Amino acid sequence: MTTRTSATGSTGPAAPAPAGSPTVRKMRPRHLVFMSLGSAIGTGLFVGSGAGIQAAGPAVLLSFLIAGTMVILVMRMMGEMAAADPSSGAFSVYAEKALGRPAGTTIGWLWWLQLVIVIAAEATAAAAIVASMWPGSQQWLLALVFMSLFTAINLGGVASFGEFEYWFALLKVLAIMVFLAIGVAFIAGWLPNVPAPGLSNLTGNGGFMPHGWSGVGAGLLLVVFAFGGTEIVAVAAADTEEPETNIAKAITSVVWRILVFYIGSVLVIVTILPWDSESLSTGPFVAALAEARVPGADVVMAVVIVVALLSALNANLYGASRMVFSLAERGRAPRALARKGASGVPRAAVAASVAFGFLTVALNYLYPETVLMILLNLVGSTCLVVWGVSIVSQIILRRRAESAGVELRFKMWAFPWLSYFALALLAGIVVLGFLDPAVRIQLLATLALTCALSFAAWLMDRSAVKSGRQIK
């Protein structure tokens with residue numbers, strides 16, 4: 001019997017596919033890239049960036065650079081682990097190998113809970129925008145249509161899902177590129193009969209850093225949460241052709257595209273508009289296009305935002321279903337959720353992941369805002385926990401691999417120094433968060449949820465040991 005050596009340094013029987021991954025790999029590299037973009041580029045950029053600009057002024061660009069550095073390092077570390085061991089459980093599996101079963105179970109369920117709540121929020125927000133543009137339509141009915149449509153797409157198979165998400169995400173990427181082109185033309189004075197704004201907004205009205213470093217810190221907290229969702233690329237590695245090769249290409253592509261789109265768009269906005277403009281709070285992209293006298297900018301951007309929300313809903317539903325599927329395969333969730341159809345799609349896991357979204361259709365009718373806002377606050381800083389555990393897991397697994405003499409095909413740069421730097425940077429962001437009252441509530445709520453899930457995971461393992469039940 002042949003054996004293989006994993007990135008953790010352990011050996012075991014050769015297997016046709018990693019544990020926790022669907023057996024049918026039909027997602028192409030371009031699907032992988034655009035699904036990650038689809039998850040990460042949403043209202044955090046199109047709407048939330050306005051709050052960051054108001055908090056930090058033009059210096060929000062520093063906030064984006066710091067947060068972008070964090071994302072680059074975390075994505076590289078996740079890429080190293082995913083290329084060595086592609087699994088639909090991704091960072092949950094790696095946390096389990098590095099820190100034990102309770103840690104892997106906790107991080108898997110925490111991420112799944114975040115996604116199912118975000119899925120519901122995205123369907124609600126998209127329905128609200130369409131309802132405001134379509135007189136006489138019912139918000140709850142639109143939410144029902146969106147949830148039904150994307151459930152059907154996710155049940156249709158990996159290849160069809162990947163192709164749909166590719167074109168869906170491509171639409172909003174093209175919208176951002178058009179926005180950047182118009183913005184650059186406006187700033188350069190190339191638009192006819194529209195005076196160029198110049199560069200005065202970058203240094204005037206209090207200077208580049210009107211609120212000092214405290215403003216940069218406040219902007220950083222808003223920006224970090226906007227980058228949440230990029231980690232889905234590690235989950236999708238298990239459904240990708242030649243994951244060991246394509247995950248490296250995808251992560252490199254995702255990182256630079258996100259930074260260009262985020263930083264490029266914000267640079268255009270803060271150059272065109274004063275940082276304290278009231279219009280930033282309602283829609284920075286719409287405000288910038290209105291300043292450039294682009295007709296119908298509000299309608300166009302409303303459509304783009306709806307597309308962004310539905311694209312993120314689609315990608316997050318995929319990610320949530322694969323994570324709970326992996327948990328079920330490892331005995332950390334009901335076994336029924338590990339069942340797959342003929343196409344390789346874990347249909348029960350998809351159904352479980354959309355169940356809460358369909359429940360919110362009723363909540364949309366009864367309590368249109370209050371319930372979802374409470375739930376979003378509960379999982380608002382989940383990405384920080386996922387990133388932190390992933391960093392620690394990478395450090396441990398990399399050391400094991402080196403001790404076992406395993407040669408990794410895709411590596412974290414300057415190990416271990418940049419890994420420790422990423423951990424220190426993340427710790428600094430958390431400390432900064434506790435200084436902000438609103439963020440402090442989110443952090444404490446997420447901490448309480450994490451502790452509750454950890455305790456439940458510990459009890460699950462203890463019960464299994466006592467009963468003699470075998471857990472993978």
Side-chain angles (χ1 to χ4, degrees), residues 40 43-76 187 197-228 230 255 258-281 284 287-288 377 380-388 391 414 417-447:
T43 52
L45 173 62
F46 291 115
V47 179
S49 57
I53 293 170
Q54 291 180 324
V60 74
L61 291 168
L62 298 178
S63 303
F64 272 96
L65 285 172
I66 295 170
T69 300
M70 179 84 245
V71 170
I72 288 173
L73 296 177
V74 171
M75 290 283 284
R76 184 80 185 189
I187 294 167
L199 302 178
S200 60
N201 286 326
L202 291 174
T203 55
N205 199 19
F208 179 75
M209 200 181 294
H211 299 306
W213 283 104
S214 62
V216 174
L220 177 62
L221 295 170
L222 293 165
V223 169
V224 163
F225 299 137
F227 278 116
T230 51
V255 164
I258 286 178
L259 291 180
V260 167
F261 294 150
Y262 268 86
I263 296 177
S265 297
V266 173
L267 176 59
V268 166
I269 292 168
V270 296
T271 304
I272 292 175
L273 296 168
W275 64 267
D276 56 353
S277 172
E278 293 183 2
S279 58
L280 286 171
S281 58
N377 277 329
S381 51
T382 304
C383 65
L384 295 180
V385 180
V386 172
W387 292 354
I391 293 170
W417 308 113
L418 280 182
S419 295
Y420 286 126
F421 173 72
L423 193 59
L425 189 59
L426 185 65
I429 292 171
V430 172
V431 171
L432 196 61
F434 273 102
L435 300 178
D436 184 290
V439 177
R440 187 189 309 133
I441 293 173
Q442 281 197 0
L443 291 172
L444 290 173
T446 300
L447 176 62

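Note that these values count all heavy atoms, side chains included, but never hydrogens, waters or copies made by symmetry. Owing to the predicted nature of the structure, the values given are computational and were not obtained by experimental measurement.
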Inset, instruction - Return each pair, listed once, that meets side-chain hydrogen bond (donor to acceptor under 3.5 Å, both in side chains) where at least one residue sits in residues 53-74; pairs must be two or more places apart or across chains. - result: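 Output for this query is empty, none listed.
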
Legend entry - All side-chain hydrogen bond (donor to acceptor under 3.5 Å, both in side chains) counterparts of Ser279, not counting sequence neighbours: Ser277

Legend entry - With Thr271 via side-chain hydrogen bond (donor to acceptor under 3.5 Å, both in side chains) - residues at least two apart: none

Test of understanding: with side chain to side chain contact (heavy atoms under 4.5 Å, CB included), list the residues that count as partners of [X], not counting sequence neighbours.
X	value
Ala288	Phe179, Ile269, Ile272, Leu273
Ser214	none
Leu222	Ala51, Ala55
Tyr420	Ile395, Arg399, Pro416

Inset, instruction - Would you mind telling me which of Ile391, Leu418, Leu73 makes a side chain to side chain contact (heavy atoms under 4.5 Å, CB included) with Leu423? - result: Ile391

Inset, instruction - Among Leu202, Asn205, Leu267, Val266, find the residue that satisfies the side chain to side chain contact (heavy atoms under 4.5 Å, CB included) test when tested with Pro58. - result: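 The side chain to side chain contact (heavy atoms under 4.5 Å, CB included) with Pro58 is passed solely by Leu202 among Leu202, Asn205, Leu267, Val266.
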
Legend entry - Closest non-hydrogen atom pair, Ala56 against Gly219: CB-CA, 4.5 Å

Legend entry - Leu61 to Val270 - nearest heavy-atom pair and separation: CD1-CG2, 4.3 Å

How about [X] and [Y]: do any of their side-chain heavy atoms sit closer than 4.5 Å?
X	Y	result
Trp387	Val224	yes
Met70	Ile429	yes
Val223	Ile66	no

Inset, instruction - Report the residues that fulfil ring pair (Phe, Tyr, Trp, His ring centres under 6.0 Å) with Trp275, sequence neighbours left out, ordered by chain and then residue number. - result: His211

Legend entry - Euclidean distance, Leu443 CG relative to Thr382 OG1, rounded to 0.5 Å: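 Between atom OG1 of Thr382 and atom CG of Leu443 there are 10.0 Å.
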
Inset, instruction - Kindly compute the distance separating OG (Ser49) from OH (Tyr262), expressed to the nearest 0.5 Å. - result: 8.5 Å

Legend entry - Phe208 atom CZ, over 12 foreign heavy atoms within 6.0 Å: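 Counting neighbours around CZ of Phe208, more than 12 heavy atoms of other residues, nucleotides or ligands fall under 6.0 Å, so yes.
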
